[in-house]
Amino acid sequence: MSDPTAPNNTEDPLEPLEEQPSEELAKAYDPTEIEARWYPIWNEAGVFGASAADTLEGEQPPYVVMMPPPNVTGTLHNGHALFVTLQDILVRYHRMQGYNTLWLPGVDHAGISTQAVVERELRRHEGLSRHDLGREVFIERVWEWKERNGSRIVEQLKVLGASADWSRERFTLDEQCSRAVRTAFVRLWDEGLIYRGERLINWDPVTRTALSNEEVDHEERAGELWQFAYRCSDDSGEIVVATTRPETMLGDTAVAVNPDDERYAGFVGKALVHPYFPDREFFVIADKHVDREFGTGAVKVTPAHDPNDFAIGERHGLEVINIFELDATLNKNGGPFAGLDRDEARKRVKADLTVRGMARGAEAILHSVSISSRSGETVEPMLSRQYFVSAGPLAEKACAAIDELGQTEIIPAGWKSTWDHFMKNIQDWCISRQLWWGHRIPVFYERAGLESAVREDARRRGEQTVALSALESGADTRELLQIALDSLDEELVRGFSTASIDDLCAGPDGDRYLQEDDVLDTWFSAGLWPFSTLGWPDETDDLRAFYPSAVLETGFDILFFWVARMMMFGCHFMGEAPFRHIFLHAMIRDSQGRKMSKSLGNAIDPLDVIEGITLEDLLIKTRSYPVPESLLPRVLEGLKKDYPDGIPASGADGLRFSLAALAGQGRDVKLSIPRVAGYRAFLNKIWNATRFALMSLGGARPQPLSETKGDLSLADRWILSRLQAASDRVAAGIEGYRFDEAANGIYQFFWNEFCDWYIELVKESLGDSAPEARREAARSVLIEVLDASMRILHPICPFQTEEIWQRLPGRKERWAGADGVDVVFCATAPFPVADDSWRDDDAEREFDFIIRVVTRLRNLRLENNLPPNQRIPAILCSESHSIRHSVTELSDSICRLARLESLAVHSNDGYEIPQQAAVGTDPDFIVVLPLEGLIDLDAERTRLAKELATAQKQLDGFEKKLGNPSYVERAPANVVAETRERAQRCMESIAASKASLARL
RNA sequence: UGGCACGUAGCUCAGUGGGAGAGCGCCGCCCUGACACGGCGGAGGUCGGCGGUUCGAAACCGCCCGUGCCAACCA
């Protein structure tokens, strides 16, 4: 298909395509080859770049999406694939609409995960811990790791086609983001919205750091409610308590009962004996928190290791005894059990109390256990000094932005109530982490100030404090700092921290100043993402042009981790919510609805879907996952059964289309490979339809539609009208975040309308026997529909559409210069806007008749067991002039589609049905196949009887309605009229069927 | 315990007040001029149950059953 009229543009990167036309396309669809080619071409051509100036000068409205930064340790999983697909659809769609589109990408430093990965490597390869290296060297190592591996996830996003502006890529720990973090911290500190305080926090004994509440998962587990007795010190009796954690009794400082509980009325105020610490003050107290029905109705109180007990302790002024080291082994307060791990301690405490005769039985219980989402270990509540953000005032602003200012809308709206519940009950946010990799908390202590504060503290208390002893014994500065921070009042600490942070961070004077050891929660920097990436705190052009963004698209699982924090920080620091829409997509699950996880062995690697994988490799890969031994055989058998031929390569386009089609709102996305294969078949269909079209053009450059408008056939007008509906449907789907609608819209149009009907019909018009004008018109419609279809599909399947679009003759010239843009890509061509002048209701109605006629005829043929190749004559009778007219116009095509020899058209009384004939009825017409000697009488009788029964059932329904006076009276007139009409036509069908039956 | 979803064909789901739909799977026929990753035709559903509102309910309301998610409690 060498095109002699094409300009000989030697700079065109696509020139090879134009040189090897239909032969090239004649090959089967191969996504791998196509997809490797286009991404660098777009990227280098600057297709993905945004320009602040264009918006600030009023030329182009912005459309901005902040990419949720994947973890630097991450490898591509389906969650990434889903968010990239959905966001890229939004971004590409708006880019094609002419918006100044910015999709800002980046990577998260992922504090705990990254540190853990590097520590593991260090241990494995060098047998060292991070403490062996020291903080500075270790952090250097992490940066080295990041330089080596950190771009992997980014490259994988590109494989998916992510059209992000990589020139603006950010890392949460780069200098720009770090400065934003320091600034934000200091402002919040100065405003009193960050404080340092001693609270009961969630301690992860494995990673040895505090966690925020959101980082703790709750899991139902079978446990044991174990009972034991405390003796009264006056030997007047005992009180039995129930617990799931017997070892914490070592930190008990009271037993609480409900004040209204008569059973224990006599005990309140009595002293108890702690079996291991007989000197401990230990009383029975009354507190209404205690549930009389649960357990024994008496609760052991461990203020240091249980949030409720902590609260009780505060109310009653109880002593708080921490019994754990940071790794959850018992400290010296564990008495005889000191040094034991908490699980071992539990066994030993139970055994020992049993020996002492204090055990009082046990019952099984299902209770929820707090698990660290970081390490999977049981979280230990610990009393600890940490930094907190006062979330209340910030949450109020975030809620006001939604409820009062209407700046942001949550979609789907169902999440609003979850949001409200969380935000109204929000707890202060623990932001300090005992890690090294992250934003070190920008709090500095002046040594001189510290020393005087220690002396002041000691003087005030009138005693030799621990800190003072340390100072006097010449402890080094850092040790002194630690001791001082643990023992000084918060006010004193505040007094000598300093706020000239940037200078200090640039080069702190180690002798004079000491910086806080802890780093900030990863989500602190993530919370600043919508503006730290644009240059905040500086008033940059980017910030002015691109804040706030259009939509924040992410999974609902990080609504509170991330979205809420961005809303709070955005409203607080920028004075305006960071996005207009919050769109929350569902979770990806396997085809049975289970969460995908490597340890279940059901995780599908998106790259395997894109590139394909053999069964053999899939099995090898799954064996490397941490699947429990007991499960593994079943998992492998399942894979062999589900993927006997492995997973076929569907390309990024195939995966993207599948994810879009499956992403119905408010539902989990159940990813099934057969389903993906089905959508991949759609892309193959497109490929082949294009091959047909290009072949039919035979190298000719089609005329624009405007030239052929006068020669359009019914089918031409029909498909052009349907095209408008399709572009509307897809646009509405994308704009309404109904990606399934968008995908189905183009799928149905292209396959069921364009391929199944239009292309089949147009073959007639393209043939040698058709008049030249007819052929010209058909070609221009073919190319127009393909062009528009590729542009409609482009946001979902960018690679294949670009490949095909570039090959359509005359396309680039046609769209170059539109909107003053030099368009050379499908990616930057305008998204088709439905044009009402091409809508044609008459054509749609008439063509619908053609579809019904052909379907009826095909049905008749098959039900009468006619050989497929046997050409036979047919007759159509209808009272409707327009049906007769349309059918006559397209009778050649109908003959082809229904494999007829001829098709005669009559009015109902213009034709007498012969004795032996198959008759198909429709409310608007009947079709007849005269089958003298051919008809399968039994088959035809069965068919007619069935047809009759269906029509009769329908008619019964209509007549029942029409026989109901209140229906006729109350239902809208047009509804009643329509029912009457349909009943009438039903009766005619029935009459025709009966007559046919009688004839046989 | 509370909140929110969901329950429609074998499977996955669309359909929010007037004719029960799609994809895959299944059955039958066909390599019909791009496509067997294809074409054509077909079978298959008391729309979870009960009650209510309405001339009319898969859809709206109430209750029940079932499933899932989130949150709280959990001595």
Side-chain angles (χ1 to χ4, degrees), chain A residues 25-26 28-29 218 220 223 225-227 241-245 248 255-256 289-291 294-302 306 308-309 365-369 412 414-418 420-422 425 556-557 559-560 586-587 591-593 648 650 654 661-662 664 666-668 670 672 674-675 677-696 738 740-741 744 747-748 752 755-756 759-760 763 766-767 854-855 858-863 865-869 896-899 954 957-958 961 964-972 974-976 978-979 982:
Chain A
L25 206 57
Y29 169 53
H218 303 281
E220 286 280 303
L225 193 59
W226 196 73
Q227 303 188 349
V241 295
T243 179
T244 53
R245 300 198 53 192
T248 61
V255 167
H289 166 78
V290 178
D291 177 358
F294 194 94
T296 61
V299 188
K300 57 187 275 308
V301 183
T302 323
D306 181 280
N308 289 311
D309 290 7
I365 185 178
L366 198 63
H367 66 138
S368 134
V369 180
W415 288 104
K416 178 64 168 49
S417 54
T418 310
D420 283 341
H421 182 260
F422 177 83
N425 298 289
F556 62 78
D557 53 330
L559 181 59
F560 302 126
M587 295 292 104
S591 57
Q592 292 151 53
S650 294
L662 295 169
R667 257 184 208 267
D668 290 335
K670 289 184 192 164
S672 88
R675 200 70 188 263
Y679 291 123
R680 146 95 220 236
F682 174 56
L683 300 184
N684 189 54
K685 186 77 180 177
I686 292 175
W687 188 258
N688 284 304
T690 309
R691 283 178 56 207
F692 168 78
L694 293 183
M695 200 183 283
S696 311
R738 290 298 311 261
D740 55 333
E741 264 294 302
N744 285 327
Y747 183 99
Q748 283 169 17
N752 303 136
C755 290
D756 288 352
I759 287 188
E760 289 310 317
K763 284 173 179 169
L766 292 168
V854 170
T855 306
R858 284 168 171 167
N859 170 258
L860 274 190
R861 291 189 64 108
L862 275 158
E863 299 275 327
N865 300 318
L866 289 180
N869 289 323
R896 251 174 45 82
L897 297 179
R899 317 206 125 247
Q954 272 193 341
F958 295 142
K961 273 187 176 178
N964 179 351
S966 55
Y967 171 73
V968 181
E969 200 177 308
R970 299 206 193 188
N974 63 324
V975 172
V976 176
E978 198 186 323
T979 307
R982 287 172 49 204

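The figures that follow rest on heavy atoms only: side chains count, while hydrogens, waters and symmetry mates do not. We name chains A, B, ... by the order of the sequence lines, and we start the count at 1 in each one. As the structure is a prediction and not an experimental result, all values here were calculated from the model.
Side-chain proximity of A:H289 to B:rC74, B:rA34, B:rG38: nearest is B:rC74. With B:rA34, B:rC37, B:rC74 as the choices, the nucleotide that has an atom nearest any side-chain atom of A:M695 turns out to be B:rA34. If you check B:rC69, B:rA34, B:rA14 against the side chain of A:R691, the one that comes closest is B:rA34. Listed nucleotides B:rA34, B:rA14, B:rG19 differ in distance to A:Q954; the shortest reach to its side chain belongs to B:rG19. With B:rG18, B:rC70, B:rA14 as the choices, the nucleotide that has an atom nearest any side-chain atom of A:A971 turns out to be B:rG18. When distances are taken from the side chain of A:L862 to each of B:rC37, B:rU32, B:rG41, the shortest belongs to B:rG41. Listed nucleotides B:rG33, B:rG42, B:rG19 differ in distance to A:K961; the shortest reach to its side chain belongs to B:rG19.
Taking all atoms of both residues into account, the shortest heavy-atom contact from A:G654 to A:L683 is N-CD1, 3.5 Å. Between A:C755 and A:K685, the closest heavy-atom pair is CB-CE, 3.7 Å.
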Hey, mind stepping through A:T979 and A:V976 against side-chain contact (heavy atoms from CB on, under 4.5 Å) and telling me if it holds? CA-CA 5 Å; A:T979 307; A:V976 176; 5.5 Å; no

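The separation of B:rA57 from B:rG15, taken at their C1' atoms, amounts to 14 Å, rounded to a whole angstrom. Rounded to a whole angstrom, the distance from the C1' atom of B:rG23 to that of B:rA9 is 12 Å. One C1' atom belongs to B:rG28, the other to B:rG33, and the distance between them is 25 Å to the nearest Å. Rounded to whole Å, the P atom of B:rG48 lies 6 Å from the corresponding atom of B:rU8. Between B:rC11 and B:rU53, the two P atoms lie 34 Å apart (nearest whole Å). Taking the P atom of each, B:rG62 and B:rC6 are spaced 14 Å apart, rounded to whole Å. Comparing the same atom, C1', in B:rA34 and in B:rG45 gives a spacing of 37 Å after rounding to whole Å. Between the C1' atoms of B:rA20 and B:rA14, the separation comes to 12 Å (whole Å).
A cation-pi contact links A:K763 to A:F692, judged by a cut-off of 6.0 Å to the six-membered ring centre and 45° from its axis.
Annotation: the span from A:D740 atom CG to A:L662 atom CG amounts to 9.0 Å, rounded to 0.5 Å.
Annotation: side chain of A:M587 is in contact with side chain of A:F556 (closest heavy-atom distance under 4.5 Å).
Close to B:rG15, at under 4.0 Å from its OP1 or OP2, lies a side-chain N or O of A:R738. OP1 or OP2 of B:rG42 lies within a sub-4.0 Å distance of a side-chain N or O belonging to A:N859.
One atom, NZ of A:K670, and another, P of B:rC11, lie 11 Å apart when rounded to the nearest Å. The OH atom of A:Y747 sits 10 Å away from the C1' atom of B:rC37 (whole-angstrom rounding). For the pair A:D668 CG and B:rG68 C1', the interatomic distance rounds to 8 Å; values are reported in whole Å. For the pair A:H421 NE2 and B:rA71 C1', the interatomic distance rounds to 6 Å; values are reported in whole Å. In this structure, CG of A:D306 is placed 14 Å from P of B:rA72, rounded to the nearest angstrom. Protein atom CD of A:E969 is 14 Å distant from nucleotide atom C1' of B:rU54, rounded to whole Å. The distance from atom CD of A:E760 to atom P of B:rU32 is 12 Å, rounded to the nearest whole Å. When rounded to the nearest whole Å, the span between CG of A:D756 and C1' of B:rU32 equals 14 Å.
Among the atoms of the strands shown, none is found under 4.0 Å from any heavy atom of A:P648. In this structure, A:D291 reaches the bases: a heavy-atom distance under 4.0 Å links it to at least one base atom across the strands shown. Residue-level contact check: A:T855 touches the backbone only, with heavy atoms under 4.0 Å from sugar-phosphate atoms and none from bases. Within the nucleic acid shown, A:L225 comes within 4.0 Å of sugar-phosphate atoms alone, with no base atom in reach, counting heavy atoms only. A:T244 comes within 4.0 angstrom of sugar-phosphate atoms only, judged by non-hydrogen atoms across all strands, and of no base. Across all strands, A:R861 comes closer than 4.0 Å to no nucleic acid atom at all (heavy-atom distances). Looking at heavy-atom distances under 4.0 Å, A:R245 makes no contact with the nucleic acid at all. Residue A:N308 is in sugar-phosphate contact alone, with no base atom involved, counting any heavy-atom pair closer than 4.0 Å across all strands shown. Here A:T243 lies in heavy-atom contact (under 4.0 Å) with sugar-phosphate atoms only. At the heavy-atom level, A:V975 lies under 4.0 Å from base atoms of the strands shown.
Summarising the base pairing, B:rA57 is matched to no nucleotide, lacking a Watson-Crick or G-U wobble pair whose two defining distances lie under 3.5 Å. Pairing partner, B:rG62: B:rC50, with both Watson-Crick or wobble hydrogen-bond distances short of 3.5 Å. B:rG21 is paired with B:rC13 under the Watson-Crick or G-U wobble criterion, all donor-acceptor distances under 3.5 Å. B:rG3 is paired with B:rC69 under the Watson-Crick or G-U wobble criterion, all donor-acceptor distances under 3.5 Å. Of all nucleotides present, none satisfies the Watson-Crick or G-U wobble test against B:rG44 with each distance under 3.5 Å.
With RNA chain B read from its 5' end, the first of the two nearest nucleotides for A:Q748 and A:F958 is the one closest to A:F958. Of the residues near RNA chain B, A:V369 and A:N684, the one whose nearest nucleotide (by heavy atom distance) lies more toward the 5' end is A:N684.
Remark: side-chain polar atoms of A:R861 are paired, donor with acceptor, to backbone N or O of A:R899 under 3.5 angstrom. Put simply, the side chain of A:N859 never gets that close to the backbone of A:T855: no donor and acceptor are under 3.5 Å apart.
Within 3.5 Å, no donor on the side chain of A:R858 pairs with an acceptor on the base of B:rG41, nor the reverse. Checked by distance alone, A:R680 brings a side-chain donor or acceptor within 3.5 Å of a matching partner on the base of B:rC37. For A:K685 against B:rC37, a side-chain-to-base donor-acceptor contact under 3.5 Å is absent.
For the residue pair A:K670 / A:S672, no side-chain donor-acceptor distance below 3.5 Å is found, with atom types taken as modelled.
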